[in-house]
Amino acid sequence: LDVYAVAGNPIAHSKSPAIHQRFAEQSQQAIHYGRLQPALDGFETAANVFFAAGGKGMNVTVPFKLDAKAFAQELSPRAQLAGAVNTLSIHNGKIVGDNTDGAGLVRDLLAQGIRMQGARILVLGAGGAARGVLGPLLDQLPQQLVLANRSAPKADALVQLFCELASTRQLTLQSARLIDLEGSVITNAPFDLVINATAAGLDNASPISDSVANNIFSPKSFAYDMVYGQVTPLMRQALQRGARVSDGLGMLVEQAADAFLIWRGSQWSEAIDPRAVLDELR
Ligand code: ATR
């Protein structure tokens with residue numbers, strides 16, 4: 001049996017084992033997929049042991065995505081751009097790091113009928129979660145993408161990193177502070193799509209004030225929170241202003257589907273049905 005695992009800390013509540021078992025069943029394959037909880041400074045050791053024992057692939061979640069990038073012997077272009085790795089596989093004897101988070105987000109949005117082409121998009125947050133999805137979002141050719149963060153330097157640095165990609169796609173990429181969203185700095189509000197990539201939802205808080213919410217949401221907006229399993233405060237603010245909302249469960253399932261196909265081969269893409277797995281989890 002080929003062995004896979006997800007590594008994170010904490011990891012007990014991860015849905016990844018269940019998701020991958022369902023993909024295996026759908027494609028009539030047998031795999032073993034387990035959970036690993038390395039110590040906070042123990043990712044490298046755990047990954048070495050896992051692959052030395054014959055492990056075929058690993059998903060990596062909080063807080064090890066940078067450790068996984070360092071561990072990989074080769075990086076896919078999108079992992080390089082994302083600055084983080086969520087999927088490790090073996091290719092020609094080398095451990096390859098990839099990042100399927102952004103592709104997962106984009107596919108979930110498209111499946112929910114959200115077109116990003118020509119859209120005005122606001123991304124909240126400038127940490128690893130935001131960086132991981134910016135490339136795939138820009139590939140969808142939005143008209144404008146504003147990256148807003150609590151602290152300005154991180155947003156500025158991230159915009160700097162992606163400005164070449166944005167200019168080759170002839171779209172506007174700008175950084176802002178969250179409090180700017182209240183004033184005149186942002187002229188194109190309300191936004192078609194607002195993506196919360198901050199860690200605020202985990203503390204049951206919204207990254208934005210109610211008056212900012214008044215500015216950025218209209219009934220035509222769609223608010224997406226990468227956190228899953230709850231209606232977050234940001235989703236509530238959006239709902240109160242008539243916008244449609246989604247949590248991040250679909251992104252989780254879709255990024256898992258990409259990882260499954262990296263490991264098992266793209267010939268299984270027709271056999272697995274991520275939307276059915278998502279319905280089962282809801
Ligand atoms: P991740 O890898 O999950 O993105 P991170 O790199 O620590 O984690 O980044 C967390 C992000 O959430 C940052 O953009 C952070 O804002 P700062 O850069 O200003 O710290 C944001 N964040 C966390 N808690 C927040 C809160 N309560 N309100 C607004 N933003 C918050």
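All ligand and atom numbering here is 1-based and tracks the order in the structure. This chain uses plain numbering: 1 for the first residue, then up along the sequence.
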Handout entry: For atom 21 (C) of ligand 1, the protein heavy atom that lies nearest, with its residue and separation
Key = Thr198 CB, 3.7 Å

Problem - ligand 1 versus Lys154: contacting region, heavy-atom distance under 4.0 Å - result: side chain

Problem - Distance-only donor-acceptor check, side chains Gln237 and Asp210, under 3.5 Å - result: yes

Handout entry: Exceeds 12 heavy-atom contacts within 6.0 angstrom, atom CD of Glu44
Key = no

Handout entry: Distance-only side-chain donor-acceptor flag, Tyr224 / Asp247, under 3.5 Å
Key = no

Practice task
Check whether any N or O atom of Asp203, backbone or side chain, sits under 3.5 Å from an N or O atom of ligand 1, and answer yes or no.
Solution key: no

Practice task
Write out the residue and atom name of the closest protein heavy atom to atom 9 (O) of ligand 1, then the distance separating them to 0.1 Å.
Solution key: Gly127 CA, 3.5 Å

Exercise for the section: Give the residue and atom name of whichever protein heavy atom lies nearest to atom 26 (C) of ligand 1, and the separation in Å to one decimal. Expected result: Arg150 NH1, 3.3 Å

Fill in the blank from the handout: Within the 4.0 Å heavy-atom cut-off, what Ser151 brings close to ligand 1 is both

Practice task
Look at atom 13 (C) of ligand 1 and say which protein heavy atom is nearest, naming residue and atom and giving the distance to 0.1 Å.
Solution key: Asn149 OD1, 3.8 Å

Handout entry: Contact check, Ala205 vs ligand 1, heavy-atom distance below 4.0 Å
Key = no

Problem - Distance, nearest 0.5 Å, that separates OG of Ser221 from CZ of Arg244 - result: 11.0 Å

Exercise for the section: Number the atoms of ligand 1 from 1 as they appear, then name those within less than 4.0 Å of a heavy atom of Pro207, with their elements. Expected result: 28 (N), 29 (C)

Exercise for the section: Tell me, yes or no, whether the heavy-atom count around Glu164 atom CD, taken from other residues, nucleotides or ligands under 6.0 Å, exceeds 12. Expected result: no

Handout entry: Exceeds 12 heavy-atom contacts within 6.0 angstrom, atom CZ of Arg169
Key = yes

Problem - Nearest protein heavy atom with distance in Å, relative to atom 12 (O) of ligand 1 - result: Ala199 N, 3.0 Å

Exercise for the section: Please confirm whether the backbone N or O of Ala24 pairs with a side-chain atom of Gln29, one donor and one acceptor, at under 3.5 Å? Expected result: no

Practice task
May I ask you to decide whether Asp98 forms a salt bridge with Arg78, counting only side-chain N to carboxylate O separations under 4.0 Å?
Solution key: yes

Exercise for the section: Step through the shown structure and confirm whether more than 12 heavy atoms of other residues, nucleotides or ligands are within 6.0 Å of CD on Gln230. Expected result: yes

Completion exercise
Ala200 heavy atoms within 4.0 Å reach ligand 1 at atoms 24 (N), 25 (C), 26 (C), 27 (N), 28 (N)

Problem - Atoms in ligand 1 with a heavy atom of Gly125 nearer than 4.0 Å - result: 14 (O)

Problem - Which residue and heavy atom of the protein sit nearest atom 2 (O) of ligand 1, plus the separation - result: Gly128 N, 3.2 Å

Completion exercise
among protein heavy atoms, the one nearest atom 3 (O) of ligand 1 is Ala129 CB, 4.0 Å

